[in-house]
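The next block holds one structure in the form of structure tokens; read it before the comments.
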Amino acid sequence: METQGLTEHQQQAWSSLHRIRMQLLPHLTRHLATHSELTEAEFLVLVSLSEAAVPAVRAKELCRTLRWEISRLSHQITRMEASGLVKRMEFPEDARSFQISVTELGTLAIERALPLQQREIRRCFGDVLTSEQLDCLIEIAEAISTHLKDQPAH
């Protein structure tokens, strides 16, 4: 049976992916908020900044990493700056741009949150799948990412 242009097999796979998205990601977000008092957005920003090879990251670069619009990042950084997690600085070569760095409080927050979140991801995801299933998932994600990389938004 074809459903809206999808084969039954494609529909079944899509429904499975959607179930994961609707169950696992909210679970991890709740776990993060409960155990670290960080929002998912705060966590993503802090992880990205912490993993950067430089002490301050240009906003445009962080947007590319997170796949966010600059307005979303700007609002998020404003909230995080008010909480003392990050610091916004002017970008010397371009007065219209800014750089972001993690504060000491932000570093402490991510150092507490990251191991907790990694353990929960492992418990709900990594330990549930076999090595072969993980390899398949990596291959699937790469195929879709490669396909979408150069696709214009419709």
Side-chain angles (χ1 to χ4, degrees), residues 1-77 79-81 83-86 99-154:
M1 170 180 101
E2 261 193 47
T3 311
Q4 299 178 8
L6 297 176
T7 66
E8 187 173 337
H9 195 224
Q10 290 169 335
Q11 181 62 43
Q12 199 174 21
W14 177 250
S15 294
S16 296
L17 176 63
H18 186 66
R19 261 194 328 275
I20 291 170
R21 192 176 130 246
M22 298 307 291
Q23 291 176 328
L24 180 60
L25 298 181
H27 170 80
L28 292 172
T29 300
R30 282 188 308 274
H31 181 270
L32 181 67
T34 301
H35 297 283
S36 72
E37 298 179 6
L38 290 175
T39 66
E40 180 183 29
E42 289 168 338
F43 181 79
L44 293 173
V45 168
L46 290 173
V47 166
S48 295
L49 292 173
S50 298
E51 291 176 344
V54 293
V57 177
R58 193 170 175 189
K60 287 180 183 180
E61 195 57 41
L62 190 54
C63 282
R64 269 192 288 276
T65 300
L66 295 170
R67 299 186 179 268
W68 287 3
E69 297 294 325
I70 192 71
S71 61
R72 178 180 180 189
L73 179 68
S74 183
H75 290 298
Q76 183 62 46
I77 295 304
R79 289 188 295 272
M80 291 176 73
E81 199 172 26
S83 300
L85 297 171
V86 298
Q99 295 176 299
I100 306 122
S101 63
V102 181
T103 64
E104 191 174 321
L105 182 62
T107 299
L108 291 172
I110 199 61
E111 286 174 351
R112 280 191 317 264
L114 193 55
L116 294 170
Q117 195 67 348
Q118 288 174 335
R119 277 196 297 275
E120 190 64 8
I121 291 169
R122 183 173 186 158
R123 188 182 77 76
C124 297
F125 177 79
D127 289 345
V128 174
L129 301 174
T130 66
S131 180
E132 292 79 16
Q133 288 171 322
L134 291 170
D135 289 341
C136 287
L137 185 56
I138 292 166
E139 185 179 337
I140 290 164
E142 287 298 318
I144 292 171
S145 292
T146 299
H147 173 74
L148 291 176
K149 186 169 55 171
D150 298 321
Q151 297 291 318
H154 293 287

Side-chain polar contacts of residues 109-117 - donor-acceptor pairs under 3.5 angstrom, sequence neighbours left out - could you list them?
{"unit_1": "Gln117", "atom_1": "OE1", "unit_2": "His31", "atom_2": "ND1", "d": "3.2"}
{"unit_1": "Gln117", "atom_1": "NE2", "unit_2": "Leu28", "atom_2": "O", "d": "3.1"}

- prompt: Taking only residues two or more places apart in sequence or in another chain, which ones pass side chain to side chain donor-acceptor pair (under 3.5 Å) with Arg119?
  reply: none

message: For a side-chain contact (heavy atoms from CB on, under 4.5 Å) check, start with the C-alpha distance between Leu38 and Leu85, then their side-chain angles and the critical distance, and finish with the verdict.
response: CA-CA 10 Å; Leu38 290 175; Leu85 297 171; 4.1 Å; yes

task: Drop me the distance from Arg72's CZ to Ile77's CD1, to the nearest 0.5 angstrom.
output: 11.0 Å

- prompt: Closest approach of His27 and Cys124, non-hydrogen atoms and distance?
  reply: NE2-SG, 3.5 Å

Indicate every side-chain donor-acceptor pair of residues 47-57 with a distance under 3.5 Å to a residue at least two apart or in another chain.
{"unit_1": "Ser48", "atom_1": "OG", "unit_2": "Leu44", "atom_2": "O", "d": "3.0"}
{"unit_1": "Ser50", "atom_1": "OG", "unit_2": "Leu46", "atom_2": "O", "d": "2.7"}

message: Return the CG to CZ distance between Asp127 and Phe125, rounded to the nearest 0.5 Å.
response: 11.0 Å

query: Is there a donor-acceptor pair closer than 3.5 Å between any side-chain N or O of Thr29 and the backbone N or O of Glu40?
result: no

- prompt: In terms of heavy-atom contacts, does CD of Gln10 have more than 12 from other residues, nucleotides or ligands at under 6.0 Å?
  reply: yes

message: Let me confirm one number: the CD-OG1 distance from Gln76 to Thr39, rounded to the nearest 0.5 Å.
response: 5.0 Å

query: Rounded to the nearest 0.5 Å, how far does CZ of Arg79 lie from OG of Ser74?
result: 9.5 Å

- line: In this structure, CG of Leu6 is separated from CD of Gln12 (nearest 0.5 Å) by 12.0 Å

- prompt: Can you name the nearest heavy-atom pair linking Ala59 to Ile70, along with the distance?
  reply: CB-CD1, 3.9 Å

List the atom pairs, with distances to 0.1 Å, where a side-chain N or O of residues 131-144 and a protein N or O form a donor-acceptor pair under 3.5 Å, not counting sequence neighbours.
{"unit_1": "Gln133", "atom_1": "OE1", "unit_2": "Thr130", "atom_2": "N", "d": "2.8"}
{"unit_1": "Gln133", "atom_1": "OE1", "unit_2": "Thr130", "atom_2": "OG1", "d": "3.4"}

- line: Taken to the nearest 0.5 Å, the spacing of His35 NE2 from Arg30 CZ works out to 11.0 Å

field: side chain to side chain donor-acceptor pair (under 3.5 Å) involving His147 - partner list, sequence neighbours excluded
entry: none

task: Under the salt bridge (Lys or Arg N to Asp or Glu O under 4.0 Å) rule, collect the residues that match up with Glu61, sequence neighbours excluded.
output: Arg64

